[in-house]
Every structure is written in structure tokens, then in C-alpha cells.
Undergrad: 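The structure under discussion is supplied below as C-alpha cells; questions concerning it will follow.
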Amino acid sequence: MDFLKGLNPQQKEAVAHVEGPLLLLAGAGSGKTRVITHRIAHIISEHHVPGPCVLAVTFTNKAAGEMRERVQRLLGDPSTMHSPVVSTFHSFCVRLLRRDGKALADVRHGFTPRFNIYDNDDQIGIVKSIYRQLGLDEKTFMQYRAALSRISHAKNKDEGPEDMHKAGTDPITSRLAVTFERYEAALRQANALDFDDLLLQSVRLLRHDGETRSKYNRQFEFLMIDEYQDTNRTQYQLMRLLSEARPNVCVVGDEDQSIYGWRGADIRNILDFERDYPNAKVIRLEQNYRSTKNILDAASAVVANNKQRKGKWLWTEHGAGDAIRVYEAMDGENEALFIADTIERSLRQEPKDRVAVLYRTNFQSRQIEEALRRSNRKYLVVGGFSYYQRAEVKDILAYVKALLNPDDSIGLLRIVNIPARGIGKTTIEQVERFAADNAVSAWAAMGQMIEERLLSGRAELALSTFHRMMEELREGIQERPLPAILRAILDRTGYQRVLENDNTPEAESRLGNVQELVNAAADAAERGETVADFLDHAALVADADGLDEQAQVSLLTMHNAKGLEFPVVFIAGMEEGLFPHSRSHNSESELEEERRLCYVAMTRAEKKLHMSWARYRRRYPGAAAEKSIPSRFLAEVPNQLVQRGGAKAAAPQVDLFAERHEVRESAKKNLYTGKTYNSVDNIKQYFSERGVPAPRGIAAPQPVPPPARPAGKPKAPFGPGASIRHPRYGQGIVLRREGEGDEAKLTVQFAGHGLKKLIQKYAGIKVEE
DNA sequence: TGATTGTTTGCTCCA
DNA sequence: CAAACAATCA
């Protein structure tokens, strides 16, 4: 098949550029996913590169799944030898560390590949407890989140607490440095990694362990990185380490869509690419296939106000299309009603259109949901309060983690008194102090304190009962199937009983969630996932993974909308302070990032783009409504592209304002028809969607299906697809054969040993039937 | 120790 | 109007 067909000249050039570094500057809607998938298919099919030798990194698990599927459809062959490894940076790193991380223990004391992953809440928990130890107060010193963000930035720059100590001796910096130091110590003590660590420790591992580094270098001949503008420094180093042997790196990005500076994304990654790979080919994709000319021009005009920008202007062959509609609402409620109402009208005209409502902050979805429910419109909220953050789900998973990794003190203390079993604040504090004084984990501290009878009678009884229960649950945990483990936890801890005895609707819903978790675990077990796999998936789910293309109306943040497209797009809350957000008002560069976010949001639209703002907005129900100023970005949209409506417009409009009372009442009557991502019905789906099979090649050993033989080629004795036997590695499948005769170099996939490259005549291999 | 009640705060984006 | 926290009482 010709993978160049139907592409424009620049796209063709990018697909056909196989060897050597490639920087692809792909504007919004310029067909970059098409280029990436075609390029992968081209490399695998035309250059006979085994799929597992191609590594593609995307931003979300969802995008990874789609890319895998699209490549498969192009090649029409689902076998291993034609499946590239597609993954996010984070899940790639988790697999790297779990599979080959043992050597990291040399440089990170106490590390084992059975580490736990700490999420945001866990991190805050640690910082809270450090503040308590140091006598710091969130209000007078620094917010937990702010401290964590400083720590995270330092880690992304590969700086430790020592560097922070050196940076300043003022009380704030030095206290922060101490917090940082203890934070790192807590993670190491618990054998836990935070999200930054997943990347950082992977880099450390690859630097330290030459064998692993060369193993991965041998395997991955071609590397592709999507959304390159949003990678941070650690990810850059990872890329360098993985492509040390061959500079076959293709990165795809758009400086105008860089929206993760606050998470450490570094523009230098694009600039340095050309410096570090001087012979890099640079290709620009500037034809937009997605939006009407009006939408494209409006978005381009907005982002043109940024100074830190190389500058480019996308073009399209599409017609002008509808004007950009700007709506001025009386207040937030009126804005929501306008959106719901316009969606109805729009869908009556075009019933097949998909609609997205985009906003800057999650809390904005509330009012819009309410309005949509009222008009009986089904919708899907992506992200927000996602279901795995629910207390009951986290509790149960925390039990599993505590059983697998008893030294994870934060996790253990989370569940030590859930459900209530008489281990109160005082006892927990004693355990924490003992653990800190003796430099042991909380679990070890408990054991010792019981043995040495250091506790009051009541506390000792409660604690030793808990201790014994955990030990019993831990017995044989490696061998037992996941659903059985969960059920044992629910049963033995009394978690289920407590919920059952509580006859509130709240408890009932929790019970339902817990039940679904068990079902999801059963499904995962059937797919062959281990307990650790299941936990990893739960830890690495992204909000954006929850998107459902079938949903007619989706509500999501602008950040989550990255990479997506919709015929009809609403951007709500176009107000100063909300968007651009007040927290980004202090620096020009943060403001420019907000503007890029606006560009990203606008360019999601294919046909219709609505932007709205409210003259008065209250931050939460009951608060005073504050007068707002329209976002500066609205003023940056050229007037001739805009059609205005709303409070000040001359055009007659529905008096939505008067309906407000009625709306509030009907919404109260629970006219709930919307399917939200958090609802109990979706939990099963949620987890089954997480069941992304581990990318082949790095995954745990698995049987390799015999790949189809390339049609029309004579069957070589050790040609692609042949099953062979190696004296050391056992049975394997030949993926590629380079060279002639018995000097040929074979790339072979062995079950349990991964990919190996062998010279035929030295390897002592036999054909197997 | 833990459940209940009262008080205060609320503020980004995310793997 | 929540959630998070503090204070109070059983």
C-alpha cells in the first residue's frame, strides 16, 4: 500500500523522511496525526522494520490507543510484528521501572520495582504532615500546593534540596528546602514515586545502567514524540537517552499550542532540537483542514498578539463560513441557558453535529450542566471529579497498595482507621513519632510498639487487631486473583458491612461503586492483568481518557480539549480573571500561555464557534455577584469576523433571564438525564477502557501470535514470521531479516526475553514447526 | 476516641 | 452551597 497517497507535499515529505532527525512543526488541524500514523505504517511496511522497534509517545492513553488502532487499520494486520509500541511518557516509564528498574537501587536507596505511585492527594498528605512536624502553617508560610509546585519545578530541573539550600538563606527558601528534603525522604522511605519521579528516576536509571540503556537503544530504532511543545526537560533527556544509538527521532509540535509551561514544559526543547541534531530536517505543515476560514483567521489574529513567537499563518481552502458568535450574558446562569438553548437550536438544524463546551476551570461546568439537564440534553463531563478519586475507590485501592508495599506509610495511615476501628488521632500521632524517631516505616513502628507494649490497653488492642488483620490479608497475595483480594479486603476490614448497615442513599451509591470496582478487577484479571498492572492503570488514568467520541455534547476544560475537534464549539467564561486566569496576570509569559490556550480552544472548532461572557458572575452559589470585564482575547478577535448577541445586542432575544426561577426549580426536581463521567453506570466502562494492553516489547512476557507472512515473498528458512528455537532464549518469532545467506542479521522476539538481534550463523538456532 | 454540630473558607490548568 | 476544619459532647 502506498502511504503517501492523498497527502499534500509537506505531509508526503514528512512521511518519506525515515532516517535521521525530523522536526515537524504542525499547525492546528494540519493533519499531523495522519502524518504520524502514515509515517509509522510506512516505516513498518515499506522499510520492513518490526513494529516493536518503533516507539511513539503521545500525550494521553486515549490518544495512544487511537494511534495504535489507526496504524493497525492502515496496515491491515494486528500481529505483533506490525504493532508499534505506543505509549504515554508516564506509562512508558512505569513499565521501564517495573521491568528493568532493579539497578536503580544502586543510586536510589531502598528502591524496588514494586514502588507505589503517589498522586496529588498523597503528595499533599505528605506536605501536611511535614508542616505539622516543622510547626509550619499553610496560611502564614505557604500553601501546600504552592510548596509542591516549587518542589516539582526543582525536580524537573534535576535539582535537589541541596540546590535549594544553596539558592538562598532567607527563612522562606530554607524552610522550603527542609520541606523538600523531608518530602523526598518520605517518598524514599515509602518506596514511592510521584509523577515527576516516574520520568526523573527513569532518566537516572538509564544514565546509571548501561545495560538497560543499550537494551532499549537496540530495540527502539525509531522514536516519535507527539505534542512535543509540551514536553519538559526530563522528557527531553529521556528522548536523548533512548535515541543515543541512532538519531532517528521525529518530534511533532506547535509552539502556538504550548499550554503546559506551569507543568514544566520547556520551549528550549524545540529550540535545542535543531542545536542537538544539527542535520535535523524541519518541515512545516501550515494548511489547515479542520476549520472554516473565519474561525482560523480569528484564532490566528488572537495568537498573533504574542511576542514570544516565531510567527506563522495557517491557511485553508475552506470558505469563510459562519461568523464567530460572541454572546454577552447578564450573569453566569444566563450564559449557561444561552449555551443550552443554542445547542438545542443548532442540533435541530444539524442533528449529527458533535458539540463541545469548553471552559477554563472545572467549576464552571456546574451551571452549564444544570442548564443542559433542564433541556433534557444528554452530555458527558470529561474530567472534573473523576470516579477513581472517590473516597471509597481510593480506600480500597489503598488497602491493596498497603498490602503489596507495607512501607508505604502515607497509604497505610490513610486506611488505618477506615472504617473506624478505634485507632484515633492520638494513637496515629504516637505511631508517626515513633516511626520518625527510629527511622522506620509506620508499619514497622506499629509492630515494634505492640511488641514493646508502648501503648495504652485500648490502643494496643485496636492496633494489634489491625496489624494481625493486615498480615492475614497479605498471605499469598501474589498468587491470589485480584477480585478475590478485593473481596477479602471488603469482607475482613468490615468496609462492606459498614456501608450495608448505613441505610443512606449515599452509602448505597458507595456500595455500588465498590461493587463496580470488584467487577472491573474481575475484567482486568480476565485480560491477564496483574494486581500491579491494575493499580498502575488506576494511577495513570487521565481525565482526557474519559472522552467518548460518540457523545453528542461534551463538557471539558480547554486543556483537556487539546488534540480534539468538534463541529460546534462553545467557549464559556470569556472574562478577565477567569480567562485569562487571575493567577496568570503577574507575568507576560504566563499571559501568553493563556493566549495560546485561547488559540487551542478556538481552533478546536470546525464549523461554528461561540464565545460568551457574563457581566456579573458569582464564584459560588450564595456569594455576591461580581462585575466582570470581558476578556482581552475577545477584543483581539477582528470585529468583521464577529456577530454579537446578548444583553446589549440590538437583535431581539429570548428573555432567558425571566425564566431563571423556573429553571432552578426544575433542576431541583432532578430532571437528570445527563450521563456524566462520574455516574455509577460508567464506572465499569471507565475501567474497561483503562484496560489498555501493555505495549508489546516492553510488557511482561506474553505469548507471541504467529505473524502473517508477507504475501508474495518466497519463504526464507529464517525469514520474517518463522518460528525458531534458540539454545538460550528458547522459542521465538523472527520479525526481520537483514542481509543475505547465513550472515544475515535476524531480529527475533523471544517470549520472556524480548527482542534480540542475532547473526544467523553464530546463533545456533533451529527452525521450529 | 469518635460522632455531631458549628464555623469558615472557597481560587486554575494535569499525568 | 460545598468541603475542610475546629470545637463540643457522649
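Everything numeric here is computed off the predicted structure, so don't read it as measured data. Below, read A as the first sequence line, B as the second, and so on, with proteins coming before strands; counting in each chain starts at 1. The figures that follow rest on heavy atoms only: side chains count, while hydrogens, waters and symmetry mates do not.
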Undergrad: Applying a 4.0 Å non-hydrogen cut-off, can you work out what A:Y260 is touching in the nucleic acid: base, sugar-phosphate, or nothing?
TA: sugar-phosphate
Undergrad: Ignoring backbone atoms, establish whether A:N362 has a side-chain N or O less than 4.0 Å from OP1 or OP2 of B:dC13.
TA: yes
Undergrad: OP1 or OP2 of B:dC14 less than 4.0 angstrom from a side-chain nitrogen or oxygen of A:T557, does that happen here?
TA: yes
Undergrad: Looking at DNA chain B, which of residues 149-156 of chain A put a heavy atom within less than 4.0 Å of it?
TA: none
Undergrad: So does A:R596 pair up with A:E593, basic N to acidic O under 4.0 Å?
TA: yes
Undergrad: Nearest-Å distance, CD1 (A:I571) to P (B:dT12)?
TA: 21 Å
Undergrad: Write down the distance separating the P atoms in B:dT12 and C:dC5, rounded off to the nearest Å.
TA: 16 Å
Undergrad: Output yes if the stacking criterion (under 5.5 Å between centres, under 30° between planes) is met for A:H559 over the base of B:dC13, else no.
TA: no
Undergrad: What about the rings of A:Y183 and A:Y118, do their centers lie closer together than 6.0 Å?
TA: no
Undergrad: At under 4.0 Å between heavy atoms, what does A:T60 touch on the DNA or RNA strands: base, sugar-phosphate, or nothing?
TA: nothing
Undergrad: Nearest whole Å is fine: how far is B:dT9 P from A:Y144 OH?
TA: 15 Å
Undergrad: Could you state the atom-to-atom distance from CD1 of A:I418 to C1' of B:dA3 in whole Å?
TA: 15 Å
Undergrad: Give a yes or no on whether a salt bridge exists between A:R132 and A:E429, defined as a side-chain N under 4.0 angstrom from a carboxylate O.
TA: no
Undergrad: Is the ring of A:W262 stacked on the base of B:dC13, with centres less than 5.5 Å apart and planes under 30° off?
TA: yes
Undergrad: Output the single nucleotide from B:dG2, B:dA15, B:dT12 whose closest atom is nearest the side chain of A:N417.
TA: B:dG2
Undergrad: Separation of A:D121 atom CG from B:dC14 atom C1', in whole Å?
TA: 13 Å
Undergrad: Tell me what A:K562 touches on the nucleic acid: a base, only sugar-phosphate, or nothing, going by heavy atoms under 4.0 Å.
TA: nothing
Undergrad: Give a yes or no on whether a salt bridge exists between A:R360 and A:E594, defined as a side-chain N under 4.0 angstrom from a carboxylate O.
TA: yes
Undergrad: Measure from CG on A:L148 to C1' on B:dA15 and round the result to the nearest Å.
TA: 15 Å
Undergrad: Could you state the CG-C1' distance from A:D122 to B:dA15, rounded to the nearest angstrom?
TA: 14 Å
Undergrad: Tell me whether the OP1 or OP2 atom of B:dG10 has a side-chain N or O from A:R619 closer than 4.0 Å.
TA: no
Undergrad: Walk along DNA chain C from 5' to 3' and tell me the first and last nucleotide with an atom closer than 4.0 Å to a non-hydrogen atom of chain A.
TA: C:dC1 to C:dC5
Undergrad: Answer yes or no: is there a side-chain heavy-atom contact under 4.5 Å between A:V400 and A:F534?
TA: no
Undergrad: Nearest to the A:A542 side chain among B:dG10, B:dA15, B:dC14, which nucleotide is it?
TA: B:dA15
Undergrad: Check the distance between B:dG10's C1' and A:Q364's CD and give it to me in whole angstrom.
TA: 15 Å
Undergrad: Any base atoms under 4.0 Å from A:I423, or only sugar-phosphate, or nothing? Heavy atoms, all strands.
TA: sugar-phosphate
Undergrad: Please say which of A:Q257, A:K562, A:R263 ends up in a side-chain hydrogen bond (donor to acceptor under 3.5 Å, both in side chains) with A:D230.
TA: A:K562
Undergrad: In terms of side-chain geometry, is the basic nitrogen of A:D548 or A:K62 positioned less than 4.0 Å from the acidic oxygen of its partner?
TA: no
Undergrad: At 4.0 Å (heavy atoms only), tell me whether A:R145 reaches a base, stays on the sugar-phosphate, or touches nothing.
TA: nothing
Undergrad: Between A:A623 and A:Q123, which is nearer to the 5' end of DNA chain B once each is assigned its nearest nucleotide?
TA: A:A623
Undergrad: So does A:R421 have more than 12 non-hydrogen atoms from other groups sitting under 6.0 Å from CZ?
TA: yes
Undergrad: Could you pick out which residue, A:S91 or A:A420, lies toward the 5' side of DNA chain B when each is mapped onto its nearest nucleotide?
TA: A:A420
Undergrad: Measure up the A:Y236 and A:Y228 rings against each other and bin them: parallel (under 30°), tilted (30 to 60°), perpendicular (over 60°).
TA: tilted
Undergrad: Side chain of A:N120 only, please: which of B:dT12, B:dC11, B:dC14 is the nearest?
TA: B:dC14
Undergrad: What is the separation between atom CZ on A:R583 and atom C1' on B:dC11, rounded to the nearest whole Å?
TA: 5 Å
Undergrad: Using a strict threshold of under 4.0 Å (side-chain N to carboxylate O), is an ion pair present between A:E255 and A:R309?
TA: no
Undergrad: Would you call A:R414 and A:D121 a salt bridge, taking side-chain N to carboxylate O under 4.0 Å as the test?
TA: no
